[in-house]
Each structure stands twice: as C-alpha cells, then as structure tokens.
Amino acid sequence: MVPEKMEFFIDANRCIGCKACFQACSECDTHKGVSMIHLETIDRERSVQTVPVVCMHCEDPTCAQVCPADAIKRTPDGVVQTARKSRCIACSNCVLACPFGVPKMESGRGASVSGFNLMMKCDMCYDRTSVGKKPMCATVCPSGALFYGTREQMQKERPRSRPINEFRFGQQTVKTKVNVLVPRDSALEQLKVTDALGSQPDILLLGMYQEEEP
Amino acid sequence: MTRERWNAGMLALTATLLLAFAIAAGSRDFHNFDAALIGYTFSTLFATFGVAYRYAMWLQRPPTAMYWRRGWTVFFRPGHLLANCRVWLHRVLGEFAANEFIFRRSKRRWLTHMLLMWGCILASAVTFPLVFGWIHFATDADRLDFYRVHVFGIPTFAFPTESLFGFLLFHALVWASFLVIAGCLMALRRRLRDAGAQALQQFAEDWAPLILLFAISVTGLMLTASYTWMKGYGYEFLALLHAVTVIATLIWLPFGKFFHIFQRPAQLGVNFYHEVGGKETQQPCLRCDRPFASQMHVKDLMTVEKQLGFHYELDEQRHYQQVCPACRRALLGLSQGEAWKGISRDV
C-alpha cells in the first residue's frame, strides 16, 4: 500500500525539459525498459516550455470506465494501475478518453508498429511507492517539478504554492490523487484545463515576445 | 433485479440448457455417458452458467456494447467482408494460435503462455467430449485387438490397441499435464523473481489459477502412475482428489483470470474496427488541427462517455474528445501557467 501521507505534487512551470524523469521512468520494474512519463512540448516551434505528465490517478478514472475489457483497476490506495495484460484488447479507448492524455498504446521497444497490443501507463512506480520509496521520476527531477513527499514537506519548501487536485474539462470535474501547484493566494479551487485551449506558451523563444495576433 | 441481470440470467440459463441438451443428445440419451463422471458434468454446467452470465453482463457495459455492435458492423460492411475473413484467419493463427503479440513482449512469457494454453486446450479437447459421452472407445466386434472410436454414438475409425497411435492417444492427458506443469513452473519462477510482478500480483487473480492448474496436472499424473506402476495403489483417493481440483477450476472459470479465455477474442473485433476506421475520415484536433484518430472512434467515445455519465462537452459544437492526447497534456501545463501569471514564484 502507498502510505497515505505521501503525495505527488506537480509544478510544470519548474520543468526544464532535461528528460531525467523520462530516462529514470524506464528503470521501474513494473514497466521495465518502457518509459511511461510524457515530456510534452507546448509549442515546439516557438517555445522551449515543457510539461512532465504522469498519471493523475483520478478518483473516478475515465480510462477505466471506458475500457470495454474491464482491464484497468484502481487499487484501494487510489493508484490506477496499468492495464491487466491478460485482459487488455488494445482498443485505445483509454488512450483517447483520458482527460490528461496519459495512457500509451505501447508499440514495443523500438518497434515501428503496434506489437505489444497492450495499453501501458504510469502506475506511480507501484513496486517502489507501495514499499515506501519515491517514484523514479520524482527521485531524479533536479528542478522540483515532480515532487513526492508529505504535504508538510511541500508546504515548507514551497511557501507560496498550494496544491489542488480538482480539474475542469468542459462540463466535467475530475478529482485526482496527484496534485498540481497553484499560487497560495489565488482563489482557484479547480484548474480549468480546457480554458487554456486558446492560451499561448509562457516562455517564448527570443524575438517572439512582441508577436501578437493580427 | 435490474434488466441487465435478467437478460444475463436468461442468456446463461439458455446456454446451460443447450449444453445439457447437447450432452443428452450427444451421448445418445446417456447410453454412452459415464456416470462416474457426473461431478465433472455438473461443474461444467455450473461453469457454463457462470461464464455466460458474466459474459452477458460484460457485453451490456456501454463501452463493450459499443465495440460489440461496431465490431460486427464493420466485419460485415459491404466491400470489406472478403478482406475481413482473410484477416480474421490470419489473426486467429498468428495472434491466437501462435500468441505472436506475447512473443513481441517477451519470449520467456510467450513460451510460458504457449505451454499453459496448448496444455489446457489439449486437455479440454480430450476431457469434455469424454465426460459428455460425445466420444467413447469400444472394442471392435471383428478384431478384438482393435479399438473403434465412436463420435456422438457413430462408429468412426479403428486402430490397434497396442500401437504407438494408441499409446499417444490414451496418454493425451499425460502430455497435456507435462505442458501445463512446465508452463506453471515458468510462471511461478516469474512470480517469485520479478519485482514488478510481485508488486502487482494478487492471490485470487494471479496465484489461484496457477495453483489450480498445477494441482490438476500433478494429481492427474499421480493417477497414471498409480495404475501403471503401483497396481492402482490409492487410486480411489487420487481419483477423488483429481476430481476436486478439476471441479474447483471449473467453478473458478467465470470469476478469475481464466475469464480472459472468453473475453480475449474480442480483440479480433477491435482490430477490424481500427482497420476500417483508419481508412475512413480522421478527426482533426481542435487545438493543433492534426488528425489523431478515426472520427468514428471519437464519436463512439463521445456517446459512450455520455452513457457513463461523463460531460466533457465544451459547448454546443465542441467536445473535449476532439482534442488530441498530446494537446491535452500541453493544456495541463498551460492552464497551470495561466494560474501563475503575474505572481512571483517560490525559489
């Protein structure tokens, strides 16, 4: 069981795109050799901004609900596990339905076509977290974008931040086990993800700061 | 009782009655039925009810129902049927008979699964027809050193009792148990040594099936050893012990990992769905405008999500399902960035 006091906090604004998390992730025993974390670019042509995306471990996971094979299970400690190998029928429903874009239809190590016929996703390094260790990504993240620890530790280290775990996608509210950090003084109760559909990257490459929409 | 449960109950009852009728008819009104195997028959009938019930309940879940309906529709779609039949045969041989997809994941796991799967298939192909009285052997009236195989009471070919063919045939369950035991040991090795498997495994889901298969095989071999080399020592007890292991496995069929045997063929329908979808209109992403999935898949998911009580609609026209997974990840970062705009950060 993952200890209740241990929590995952994400501050994507701290991400420096070093890919340490991406490399470390593949060391995890539950998905050996295959990295489950996404290091997403916001607008590759104009910005160096990156976002590390791990599974947010929803309280009512859409991926599990839309799975026709009932292959995705949530453990009593709130971790949404990767698809059960014997059940997953590689339909990609979870890949397309996850509001955070997390599950991967794994094509295999170096394979160009979908060979595994298996959905794989971040399971918060369950082999490690279930015995009290940190997930691989949070262990190696040099900038603190991925932080795993107690709420007290986080508050001590990030006095201006506040964790929230409620997200809004259109009309849908999603509650998660993993937290995202927002300003302590802001009135935000939930992060309205789809409101950012028209947003521009926070960091633009040199010479692009003055660009405005015509 | 909900409508789903009633439907599933009726379907399960029908399947069970059909099997009971097939047993009666196939054994020629129980003339060829071995009464000593009655326990096996009843547990098979129970397993049939359980498997059919769970299958029917499973098929009624919104995402499964959608794939079930769409899978058949795209399979029989005019212009695709011939190609689909060819692909179906190719997939049955490659993905199911040869377990190619497991081979691509891990060669050791492939060998484990092949041993277990083919051992179980061989054992089932021998056991069920014999238990149901669909096949029986009788001494040939003309040649007393020949056995004749009767299928559904109809005499077919005969073979010499003391022949290599006879030896191989009468020991088919022995060969099956060799395969299953080897597979069980390989699976056991993984479960004892693999840290990833150990973190995720559960007794009922992962250990119970292995223990049951191992117990069936070992007690079956003990029976052979008893009558071959030990003059039937402890045979009655061993026969009872073996029956207990088989019956426990049959009863466990609908509940645990064994259910994937019945669930897994759905993958064939999914393949057709994706192939036909790939040739049709693709859904462009609302944010980056790149196509990322078939429009049919996206629309079907929107329907399924609505049936499940999710509301990812953005407005009257747009739905979050029309945003590609990569842009969804980017949106998470962007929305967090928006929250911090104009505010000084922790250092």
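Chain identifiers are assigned alphabetically (A, B, ...) following the order of the sequence lines, protein sequences preceding nucleic acid strands; residue numbering begins at 1 within each chain.
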With ring centroids as reference points, do F262(B) and Y55(B) lie under 6.0 angstrom apart? no

Sort out for me which of L308(B), V298(B), V304(B) touches chain A most, counting heavy-atom pairs under 4.5 Å. L308(B)

Look only at the side chain of Q198(B) and the backbone of L192(B), and say whether a donor-acceptor pair between them is shorter than 3.5 Å. yes

Donor-acceptor under 3.5 Å (N179(A) side chain, F8(A) main chain): yes

Keeping the roles fixed (side chain from H260(B), backbone from Q263(B)), state whether a donor-acceptor pair exists under 3.5 Å. no

Is it true that the side chains of R74(A) and Q81(A) contain a donor and an acceptor less than 3.5 Å apart? no

Chain A heavy atoms under 4.5 Å from L331(B): which part of the residue, side chain, backbone, both or neither? both

Leading residue by heavy atom contact count with chain B [cutoff under 4.5 Å; candidates C91(A), C98(A), A196(A)]: C91(A)

If we define contacts as heavy-atom pairs under 4.5 Å, which of A69(A), C125(A), P183(A), P52(A) has the most with chain B? P183(A)

Between V182(A), V95(A), D185(A), which has the largest tally of heavy atom pairs under 4.5 Å with chain B? V182(A)

Salt bridge check: are R91(B) and E100(B) linked by an N-O gap of less than 4.0 Å? no

Under a 4.5 Å cutoff for heavy-atom pairs, which residue among S92(A), S186(A), S130(A) has the most contacts with chain B? S92(A)

Donor-acceptor pair between H297(B) and N93(A) side chains, under 3.5 angstrom: yes

Which answer fits R329(B), side chain, backbone, both or neither, if we ask what part of it has an atom under 4.5 Å from a heavy atom of chain A? both

Which answer fits P99(A), side chain, backbone, both or neither, if we ask what part of it has an atom under 4.5 Å from a heavy atom of chain B? both

Can you tell me which portion of Y67(B) sits under 4.5 Å from chain A's heavy atoms? Options are side chain, backbone, both or neither. side chain

Here the salt bridge (charged side-chain N to carboxylate O under 4.0 Å, His left out) pairs for residues 282-302 of chain B, sequence neighbours left out, are R70(B)-D300(B)

Chain B: which of D70(A), L96(A), T173(A) shares the most heavy-atom pairs with it under 4.5 Å? L96(A)

Does the side chain of Q190(A) pick up a donor-acceptor pair with the side chain of N165(A) at under 3.5 Å? no

Per-residue contact mode, L188(A) against chain B (heavy atom under 4.5 angstrom): side chain

Between W252(B) and F255(B), what is the ring plane arrangement, given parallel below 30°, perpendicular above 60°, and tilted in between? tilted

Please check if the side chain of D315(B) supplies one atom and the backbone of R318(B) the other of a donor-acceptor pair under 3.5 Å. yes

Which atoms of Q171(A) come close to chain B, meaning under 4.5 Å heavy atom to heavy atom: side chain ones, backbone ones, both, or neither? both

Is chain B contacted by the side chain of I10(A), its backbone, both, or neither, given a heavy-atom distance below 4.5 Å? backbone

Ignoring hydrogens and angles, tell me if any N or O in the side chain of T64(B) forms a donor-acceptor pair with the backbone of W58(B) under 3.5 Å. yes

T30(A) and D123(A) side chains, donor-acceptor separation under 3.5 Å: yes

Selection from D60(A), V174(A), L191(A) maximising heavy-atom pairs under 4.5 Å formed with chain B: L191(A)

Pull out the residues in residues 267-284 of chain B that come under 4.5 Å of chain A, heavy atom to heavy atom, sorted by number. Q267(B), V270(B), H274(B)

Using a strict threshold of under 4.0 Å (side-chain N to carboxylate O), is an ion pair present between D194(B) and K32(A)? yes

If we ignore angles and hydrogens, is there a donor and acceptor under 3.5 Å between the side chains of T62(A) and Y312(B)? yes

Given heavy-atom pairs under 4.5 angstrom as the criterion, report whether the side chain, backbone, both or neither of T41(A) touches chain B. backbone

Let me know if H113(B) has heavy atoms under 4.5 Å from chain A in its side chain, its backbone, both or neither. neither

Within the side chain of R264(B), is there an N or O that forms a donor-acceptor pair under 3.5 Å with the backbone of F259(B)? no

Given heavy-atom pairs under 4.5 angstrom as the criterion, report whether the side chain, backbone, both or neither of Q65(A) touches chain B. both

Heavy-atom contact with chain B under 4.5 Å, split by part of K85(A): both

Select one option (side chain, backbone, both, neither) describing which atoms of R84(A) are under 4.5 Å from chain B's heavy atoms. side chain

Structural part of A326(B) lying under 4.5 Å from a heavy atom of chain A: both

Checking heavy atoms, do the side chain of V66(A), its backbone, both or neither come under 4.5 Å from chain B? both

So what's closer than 4.5 Å to chain A heavy atoms on F310(B): side chain, backbone, both or neither? both

Just checking, is any N or O donor in the side chain of Y126(A) or D77(A) under 3.5 Å from an acceptor N or O on the other one? yes

